[in-house]
Undergrad: 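First, the structure itself, so that you have it in front of you.
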Amino acid sequence: MERHIAFERLRNFRDMGGYRTEDGRSVRWGRLYRSDSLSKLRGEDWTRFLALGVRTVIDLRYPWEVEARGRVPHFDGLVYHNLSVEHRPYDQAELGPDVGVARFLADRYAEVALDGVEELGRALEVVASDDGAPLVIHCASGKDRTGLLAALVLSLLGVDEDAVVADFALTQLAADRLAADWRADHPGRTLKWPGYGQAPGEIMRLFLADLAAEHGSVRGYAADRLGVGDDLVAALRARLLEP
């Protein structure tokens, strides 16, 4: 099976299947995808997307991002959720070159984990709903907000931290294209932050360490802050793990 699924306009579309869990099972291929903004789908990309059989999309962007950039095109049978997990907007492009990537972004993820509990909890419920069809989670670049939710899902499935971090860091392969897209979308502006689009694994490692320091583990955070009980974890595993 292929981790990276090639599109012309999407830069960061990946299958989250294949990761091994602590009990020796594997995440199913073709059930859960992560991506940059699906509003870019058109033409042959749209045909490729439809062939995946996706029936649910969780869009983690702000409503104003959706209004400005559009959303995944509608088709019969698609269930669309706009769950804006971030509540403190900031402009990465305007950050100065002295801002370190890992610690700065790990702190932003911590804010999302604190502020976005309602939306993150709902997103996990949607992912756990077993209708037998594939699901995509996405934001603008498929890196920060998507990376956080993906890490929560994989951790609750029992995937070990090294694999969770490695999954996050795969976005690094798309970093140059994400930066190029930003420049194309913002003529007349300068991309000031060298860290834009970068995804070193240290970001996720720091974020997970912060969660563990406060809650003992991702499972502890999910229980303490998101109200995720054993039934929801069991539903996630039933939907997304091989028997």
Undergrad: Taking all atoms of both residues into account, what is the closest heavy-atom pair of L206 and A106, and its distance?
TA: CB-CB, 3.7 Å
Undergrad: Whether the Y221 and E214 side chains hold a donor-acceptor pair (N or O, under 3.5 Å, no angle test) is what I'd like checked.
TA: no
Undergrad: Considering only NZ, NE, NH1 and NH2 on the basic side and carboxylate oxygens on the acidic side, decide whether D181 and R177 come within less than 4.0 Å.
TA: no
Undergrad: Any sub-3.5 Å donor-acceptor pair from T56's side-chain atoms to L135's backbone N or O?
TA: no
Undergrad: Relative to the ring of F49, is the ring of F75 parallel (under 30°), tilted (30 to 60°) or perpendicular (over 60°)?
TA: perpendicular
Undergrad: Judged by atom type as modelled, is there a donor-acceptor pair below 3.5 Å linking the side chain of Q172 to the main-chain atoms of A199?
TA: yes
Undergrad: Nearest 0.5 Å, please: how far is CG in L78 from CZ in R55?
TA: 8.0 Å
Undergrad: Can you get from L83 to L114 by hopping between Ile, Leu, Val, Met, Phe, Trp and Tyr side chains that sit under 4.5 Å apart?
TA: no
Undergrad: Supply the atom-to-atom distance R28 CZ to M16 CE, rounded to the nearest 0.5 angstrom.
TA: 15.0 Å
Undergrad: Which pairs would a plain distance check flag for residues 151-168, meaning a side-chain donor or acceptor within less than 3.5 Å of a matching protein atom at least two apart in sequence or in another chain?
TA:
from: S155; atom 1: OG; to: A151; atom 2: O; distance (Å): 2.8
from: D160; atom 1: OD1; to: D162; atom 2: N; distance (Å): 3.2
from: D160; atom 1: OD1; to: A163; atom 2: N; distance (Å): 2.9
from: E161; atom 1: OE2; to: R205; atom 2: NH1; distance (Å): 3.1
from: D162; atom 1: OD1; to: R205; atom 2: NH1; distance (Å): 2.8
from: D162; atom 1: OD1; to: R205; atom 2: NH2; distance (Å): 3.3
from: D167; atom 1: OD1; to: Y19; atom 2: OH; distance (Å): 2.8
from: D167; atom 1: OD2; to: R34; atom 2: NH1; distance (Å): 2.8

Undergrad: Please check if atom CD in E118 has more than 12 non-hydrogen atoms from other residues, nucleotides or ligands closer than 6.0 Å.
TA: no
Undergrad: Does a donor on one side chain sit under 3.5 Å from an acceptor on the other, for E111 and H87?
TA: no
Undergrad: E119 and R122: salt bridge (charged side-chain N to carboxylate O under 4.0 Å, His left out), yes or no, with the steps?
TA: CA-CA 5 Å; E119 296 85 359; R122 176 59 183 147; over 6 Å; no
Undergrad: Report yes or no: does S37 contribute a side-chain atom to a donor-acceptor pair with the main-chain N or O of S39 at less than 3.5 Å?
TA: yes
Undergrad: Is D231 atom CG crowded by more than 12 heavy atoms from other residues, nucleotides or ligands, each under 6.0 Å away?
TA: no
Undergrad: Can you measure from CG (L10) to CG (L38) and round to the nearest 0.5 angstrom?
TA: 6.0 Å
Undergrad: Does Q92 form a side chain to side chain donor-acceptor pair (under 3.5 Å) with Y90? I'd like the steps, not just the answer.
TA: CA-CA 6 Å; Q92 290 191 16; Y90 63 101; 3.2 Å; yes
Undergrad: Closest heavy-atom contact between L41 and P73?
TA: O-CG, 4.0 Å
Undergrad: Find out whether W29 and R3 are in side-chain contact, i.e. whether some heavy atom of one side chain is under 4.5 Å from a heavy atom of the other.
TA: yes
Undergrad: Look only at the side chain of R61 and the backbone of S84, and say whether a donor-acceptor pair between them is shorter than 3.5 Å.
TA: no
Undergrad: To the nearest 0.5 Å, what is the distance between CG on L124 and CG on L232?
TA: 6.0 Å
Undergrad: Quick check: closest heavy atoms across E94 and R189, and the distance to 0.1 Å?
TA: OE2-NH2, 3.0 Å
Undergrad: For the pair D36 (side chain) and A140 (backbone), establish whether a donor and an acceptor sit closer than 3.5 Å, ignoring hydrogens and angles.
TA: no
Undergrad: On a heavy-atom basis, which atom in Q198 and which in A175 lie closest, and how many Å separate them?
TA: NE2-CB, 3.7 Å
Undergrad: Look at the side-chain heavy atoms of Ile, Leu, Val, Met, Phe, Trp and Tyr, link any pair under 4.5 Å apart, and say whether V117 and L236 land in one connected group.
TA: yes
Undergrad: Does W193 use its side chain to pair, donor to acceptor, with the backbone of V99 at less than 3.5 Å?
TA: yes
Undergrad: Would you call D59 and R145 a salt bridge, using N to O less than 4.0 angstrom?
TA: no
Undergrad: Answer yes or no: is there a side-chain heavy-atom contact under 4.5 Å between N12 and T146?
TA: no
Undergrad: Is any side-chain heavy atom of D15 closer than 4.5 Å to one of E2?
TA: no
Undergrad: Could you grab the distance from atom CZ of R20 to atom OG of S26, nearest 0.5 Å is fine?
TA: 4.0 Å
Undergrad: Any non-hydrogen side-chain atom of V85 less than 4.5 Å from a side-chain atom of L148?
TA: no
Undergrad: Taking the six-membered ring for Trp, are F207 and Y109 parallel (under 30°), tilted (30 to 60°) or perpendicular (over 60°)?
TA: perpendicular
Undergrad: Between D45 and F7 (side chain of the first, backbone of the second, donor and acceptor by atom type, cut-off under 3.5 Å), is there such a pair?
TA: no
Undergrad: For atom CD of E8, decide whether the heavy atoms of other residues, nucleotides or ligands shown that lie under 6.0 angstrom number more than 12.
TA: no
Undergrad: Side-chain heavy atoms under 4.5 angstrom apart, residues restricted to Ile, Leu, Val, Met, Phe, Trp, Tyr: same cluster for L52 and Y80?
TA: yes
Undergrad: With distance as the sole test, does H215 use its side chain to make a donor-acceptor pair with the main-chain N or O of L211 at under 3.5 Å?
TA: no
Undergrad: Cluster question for you: counting only ILVMFWY and a side-chain heavy-atom cut-off of under 4.5 Å, with indirect links fine, are V101 and F104 together?
TA: yes
Undergrad: Which atom names give the shortest non-hydrogen contact between G30 and P134, and what distance separates them?
TA: O-CG, 3.2 Å
Undergrad: Please report the interatomic distance CD1(I203) to NZ(K143), rounded to the nearest 0.5 Å.
TA: 5.0 Å
Undergrad: Same hydrophobic cluster for V57 and I137, using side-chain heavy-atom links shorter than 4.5 Å among ILVMFWY?
TA: no
Undergrad: Are any side-chain N or O atoms of R14 and backbone N or O atoms of S35, one a donor and one an acceptor, separated by less than 3.5 Å?
TA: no
Undergrad: Would a 4.5 Å heavy-atom cut-off, applied to side chains only, mark L178 and S141 as touching?
TA: yes
Undergrad: Do other residues, nucleotides or ligands put more than 12 heavy atoms under 6.0 Å from the CG atom of D176?
TA: no
Undergrad: Restricting to non-hydrogen atoms, name the atom on A179 and the atom on L191 that form the minimum distance, rounded to 0.1 Å.
TA: CB-CD2, 3.9 Å
